Undergrad: 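Here it is: the structure, laid out below.
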Amino acid sequence: MSVKTYWTTNASVLIEPHVIRERIAELGRQITLDNQGKSLVLIGVLKGAAIFMADLIREIHLPIEFDFVAISSYGADTKSSGIVRLIKDSDISLQDRHVIVVEDIVDTGLTLRYLLEVLQSRQPTSLKVCALLNKPSQRSTPIQIDYCGFELLDQFVVGYGLDINERYRNLPYIGVLEESETGK
Ligand code: IMP
Ligand code: MG
């Protein structure tokens, strides 16, 4: 058996690519089973969820449409500011549709709380949440995650779409940074 090596970073591997892949296949199976006979609209939150979205939609065996929104909340910091703003909207009408919001990670929940309120006002038939990662210990507003990939402790993670100051999004695994890198 060969030992997999990745290009050099200060991030140590927390979740291996094949583990991510298997979990996403399970999430896709569950979403497919739960929504038989329906068509779905998946709304991803840029930029973090782009990679997760690309893999997830290929594991859902239903008619789907997908689009992205962008929200600003963190700026270049690693802590949620609580100030959120929709900076790119979706072109797809959500009225009377079954909508699933696709997020990379739910931390304080402030970003998602805001987005869910905005999307709910468009009168979808149903509005659910699929998040690859969940940090429940950091929650400051209650959020129901209908489909969750992995639960994390209070760790700042990067890779597979997640960044710090826009870096590391292209790591094929989820990694944890050395403390010095997160500025904590
Ligand atoms: P929330 O509003 O605190 O739930 O923040 C959610 C957003 O913060 C996510 O969509 C990420 O962009 C970012 N975020 C939260 N935790 C992490 C992390 O550990 N690594 C990278 N980004 C994170
Ligand atoms: Mg970010």
Side-chain angles (χ1 to χ4, degrees), residues 6-7 9-17 19-20 23-24 27 31 41-57 66-90 99-121 127-184:
Y6 303 101
W7 55 275
T9 72
N10 293 324
S12 52
V13 180
L14 184 66
I15 311 175
E16 290 273 8
V19 179
I20 300 174
R23 185 70 186 119
I24 292 175
L27 291 175
I31 291 171
V41 181
L42 271 66
I43 301 289
V45 184
L46 290 173
K47 300 170 202 169
I51 293 172
F52 177 37
M53 175 74 96
D55 286 342
L56 180 68
I57 55 176
F66 76 90
D67 202 352
F68 289 98
V69 295
I71 280 178
S72 78
S73 71
Y74 265 47
D77 205 347
T78 61
K79 285 261 185 331
S80 191
S81 61
I83 303 161
V84 282
R85 204 159 51 92
L86 195 63
I87 53 177
K88 181 224 173 287
D89 205 342
S90 159
V99 177
I100 300 182
V101 176
V102 177
E103 255 286 29
D104 53 357
I105 187 163
V106 185
D107 187 18
T108 64
L110 292 171
T111 312
L112 205 50
R113 165 69 39 229
Y114 168 79
L115 180 61
L116 289 172
E117 274 167 25
V118 171
L119 298 184
Q120 193 63 61
S121 74
L127 183 58
K128 291 187 174 171
V129 172
C130 176
L132 180 66
L133 304 169
N134 182 20
K135 282 201 255 185
S137 64
Q138 293 301 301
R139 202 73 89 249
S140 57
T141 180
I143 293 279
Q144 182 180 329
I145 303 179
D146 302 281
Y147 303 101
C148 175
F150 304 94
E151 285 209 349
L152 300 181
L153 302 172
D154 181 20
Q155 291 160 299
F156 195 85
V157 291
V158 292
Y160 198 76
L162 292 126
D163 74 307
I164 183 164
N165 298 339
E166 299 301 328
R167 287 185 58 208
Y168 302 108
R169 290 193 197 275
N170 60 328
L171 292 180
Y173 59 90
I174 309 255
V176 184
L177 284 182
E178 306 276 328
E179 290 240 321
S180 59
E181 288 273 317
T182 64
K184 282 186 183 172

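We're numbering straight along the sequence, starting at 1. Whatever order the structure lists them in is the order used to number ligands and atoms, beginning at 1. No experiment lies behind these values; they were computed from the predicted model shown.
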Undergrad: Could you pull out all residues at least two apart from Y147 that satisfy side-chain hydrogen bond (donor to acceptor under 3.5 Å, both in side chains)?
TA: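 Here the qualifying residues are D34.
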Undergrad: Are V157 and I15 packed together at the side-chain level, in the sense that at least one heavy-atom pair is separated by less than 4.5 angstrom?
TA: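 No, every pair of side-chain atoms sits at 4.5 Å or beyond.
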Undergrad: Does ligand 1 have an atom under 4.0 Å from some heavy atom of V158?
TA: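 So V158 does not count as touching ligand 1.
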Undergrad: Apply the side-chain contact (heavy atoms from CB on, under 4.5 Å) test between Q138 and each candidate in L152, I105, D107; give the one that qualifies.
TA: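 Testing each of L152, I105, D107 against Q138, the sole residue satisfying side-chain contact (heavy atoms from CB on, under 4.5 Å) is D107.
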Undergrad: Below the 3.5 angstrom mark, is there an N/O of G109, backbone or side chain, next to an N/O of ligand 1?
TA: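 Looking only at distances, the answer is yes, because the N/O contact criterion of under 3.5 Å is met.
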Undergrad: So which bit of Q138 gets within less than 4.0 Å of ligand 1, heavy atoms only: side chain, backbone, both or neither?
TA: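 It is neither; nothing of Q138 touches ligand 1.
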Undergrad: What atoms of ligand 1 come within less than 4.0 Å of a heavy atom belonging to E103?
TA: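 Listed by number with element, the hits are 10 (O).
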Undergrad: Check step by step if salt bridge (Lys or Arg N to Asp or Glu O under 4.0 Å) holds for D55 and R23.
TA: CA-CA 11 Å; D55 286 342; R23 185 70 186 119; over 6 Å; no
Undergrad: Taking the non-hydrogen atoms of I105, is any one of them nearer than 4.0 angstrom to ligand 1?
TA: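 I105: in contact with ligand 1 (<4.0 Å).
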Undergrad: Among L115, D107, D104, which one puts a heavy atom closest to atom 12 (O) of ligand 1?
TA: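 The option holding the nearest heavy atom is D104.
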Undergrad: Tell me whether V106 has any N or O atom under 3.5 angstrom from an N or O of ligand 1.
TA: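 Looking only at distances, the answer is no, because the N/O contact criterion of under 3.5 Å is not met.
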Undergrad: Between P17 and P172, which heavy-atom pair has the shortest distance, and what is it?
TA: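 Here P17 and P172 meet closest at CG-O, 3.4 Å.
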Undergrad: Need the ligand 1 atom indices (1-based, order shown) with element for anything under 4.0 Å from a heavy-atom of T111.
TA: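 Answer for ligand 1: 1 (P), 2 (O), 5 (O), 6 (C).
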Undergrad: If the cut-off is 4.0 Å to any non-hydrogen atom of Q155, which atoms of ligand 1 fall inside it?
TA: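 Going through ligand 1 atom by atom, the ones under 4.0 Å from Q155 are 19 (O).
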Undergrad: Of I145, I71, L132, T111, which meets side-chain contact (heavy atoms from CB on, under 4.5 Å) against E103?
TA: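 Of I145, I71, L132, T111, side-chain contact (heavy atoms from CB on, under 4.5 Å) with E103 is met by T111 alone.
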Undergrad: Only heavy atoms of K135, strictly under 4.0 Å: list the atoms of ligand 1 that pass.
TA: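 It comes down to these atoms of ligand 1: 16 (N), 17 (C), 18 (C), 19 (O).
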Undergrad: Examine ligand 1 and decide if any of its atoms is less than 4.0 Å from a heavy atom belonging to I143.
TA: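 The answer is no, since I143 has no heavy atom less than 4.0 Å from ligand 1.
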Undergrad: Applying side chain to side chain contact (heavy atoms under 4.5 Å, CB included), name anything that partners S137, two or more places apart in sequence or on another chain.
TA: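 S137 satisfies side chain to side chain contact (heavy atoms under 4.5 Å, CB included) with D154 once adjacent residues are dropped.
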Undergrad: Is there a side-chain contact between V158 and R167 (heavy atoms, below 4.5 Å)?
TA: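 No, their side chains stay 4.5 Å or more apart.
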